[in-house]
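Below is one structure, written out as structure tokens; comments come after it.
All residue numbers refer to positions in the sequence shown, counting from 1. Predicted, not measured: the structure shown is a model, and the values here were computed from it.
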Amino acid sequence: MGAVVISPECRLAQVPGYEGMHRECRQTKDVPLPHGSGILLVRRCACSHHSYNRAAQSRAPG
């Protein structure tokens, strides 16, 4: 499986003093390549700070 995709904003938010950068993240949706038959141009951010990732983690078995 591929590497976890984290936006530059969320990566910077991991640095002390820049925690507010999570709000600046714009990678909140997968962006498909036009006419790419399901190939993604940009994957959504997988940072656990985003509500869509927290919801998916709470439903995961484990």
Side-chain angles (χ1 to χ4, degrees):
M1 195 148 156
V4 174
V5 177
I6 304 244
S7 71
E9 295 86 359
C10 288
R11 183 70 68 199
L12 182 58
Q14 295 173 345
V15 176
Y18 289 93
E19 293 85 3
M21 288 301 294
H22 284 293
R23 290 187 303 272
E24 303 299 319
C25 180
R26 301 292 180 250
Q27 283 182 233
T28 56
K29 294 187 214 174
D30 288 335
V31 178
L33 183 65
H35 311 290
S37 300
I39 298 171
L40 294 177
L41 183 61
V42 178
R43 292 187 59 89
R44 73 180 183 177
C45 181
C47 175
S48 62
H49 181 268
H50 298 295
S51 60
Y52 55 79
N53 288 329
R54 287 193 305 266
Q57 289 171 354
S58 67
R59 289 191 304 259

**Fill in**
Interatomic distance, CD1@Ile39 vs CG@Leu33, rounded to 0.5 Å, equals 6.0 Å

**Asked** To the nearest 0.5 Å, what is the distance between CE (Met21) and OG (Ser7)?
**Response** 8.5 Å

Side-chain heavy-atom pair [X], [Y] within 4.5 angstrom cut-off:
X: Arg11; Y: Ile6; result: yes
X: Arg26; Y: Cys45; result: no
X: Arg44; Y: Val5; result: no

**Request:** Look at the side chain of Gln14 and the backbone N and O of Leu12, then say whether any donor-acceptor pair between them is shorter than 3.5 Å.
**Result:** no

**Request:** Kindly say whether Arg23 contributes a backbone atom to a donor-acceptor pair with the side chain of Glu9 at under 3.5 angstrom?
**Result:** no

**Request:** Give the intermediate values and the outcome of side-chain contact (heavy atoms from CB on, under 4.5 Å) for residues Cys47 and His22.
**Result:** CA-CA 9 Å; Cys47 175; His22 284 293; 3.3 Å; yes

